[in-house]
Amino acid sequence: AQSVAQPEDQVNVAEGNPLTVKCTYSVSGNPYLFWYVQYPNRGLQFLLKYITGDNLVKGSYGFEAEFNKSQTSFHLKKPSALVSDSALYFCAVREPGLTGGGNKLTFGTGTQLKVEL
Amino acid sequence: GAGVSQSPSNKVTEKGKDVELRCDPISGHTALYWYRQSLGQGLEFLIYFQGNSAPDKSGLPSDRFSAERTGGSVSTLTIQRTQQEDSAVYLCASSSPPGAHEQYFGPGTRLTVT
């Protein structure tokens, strides 16, 4: 069964500093990986995905993530954090090549990012 | 165009009552998903609809939960005889396979069972 781990419940970073939100996964075969962000009282908003190709993927709002197959990781990064980036971030995985319920996403527990002035 | 919409945004109900939650997916999206977000369990998959295929109900936590999707568009999640542990935010998402991978989420329905 597929699973995702986000080892940090909360990450604090000063505005202007680089940020990293960690994610590791477990899945049979090559994974499809996603990052979503959730602002208070809002639904999940898609940030970026890795399906195949370049290990470094770029997404919305200046975020990027690096797929590392040997470490089974997909950490979310941003070179310079903004206070407005403060939100709850979820990593998710699904197994490739499956139809039906194989399309379901398995989410990590979420990491609260707090960016302070 | 419009995103995924859900109604109501908030629902407070008494234990034992039935509730219906509605999801209106993005127009043209053939796949629809229900997830539940709760403090103790995180984000859990509930059920998945794809076109006219039989839905994948593997995530439904009990037989009190059911869902239908009429005309390949709007979906209703029904919880019968609600319990306090059903209190959560119920999120709906849609996507447009084949080829598409990301799911687009609605704002959710916050259900509180008193």
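- Sorted by first and then second residue, the disulfide bond (SG atoms under 2.5 Å apart) pairs with a member in residues 56-89 of chain B form an empty list; sequence neighbours excluded.
- The aromatic ring centres of Tyr50(A) and Phe67(A) sit less than 6.0 Å apart.
- Using bins of under 30°, 30° to 60° and over 60° for the plane-to-plane angle, the ring pair Phe45(B)/Tyr35(B) lands in the perpendicular bin.
- At a 4.5 Å heavy-atom cutoff, the contact between Gln38(A) and chain B is made by side-chain atoms alone.
- Within residues 105-114 of chain B, the residues having any heavy atom less than 4.5 Å from a heavy atom of chain A are, in residue-number order, Phe105(B), Gly106(B), Pro107(B), Arg110(B).
- Only the side chain of Gln37(B) has a heavy atom closer than 4.5 Å to any heavy atom of chain A.
- Proximity to chain A (any heavy atom under 4.5 Å) is restricted, for Ser58(B), to the side chain, taken from C-beta onward.
- For chain A, no part of Phe49(B) is nearby; none of its heavy atoms comes within less than 4.5 Å.
- Tyr32(A) has its ring centre no less than 6.0 Å from the ring centre of Tyr25(A).
- Residue contact with chain B, scored on non-hydrogen atoms closer than 4.5 Å, involves the backbone and the side chain of Leu44(A) alike.
- Glu85(B) pairs by the salt bridge (Lys or Arg N to Asp or Glu O under 4.0 Å) definition with nothing, not counting sequence neighbours.
- In this structure, Phe74(A) has its ring center no closer than 6.0 Å to that of Phe34(A).
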Intermediate values then yes/no, salt bridge (charged side-chain N to carboxylate O under 4.0 Å, His left out), Asp18(B) and Arg81(B): CA-CA 5 Å; Asp18(B) 298 352; Arg81(B) 305 182 302 281; 5.8 Å; no
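- The disulfide bond (SG atoms under 2.5 Å apart) pairs that include a residue from residues 29-76 of chain B number zero, where partners must be two or more places apart or lie in different chains.
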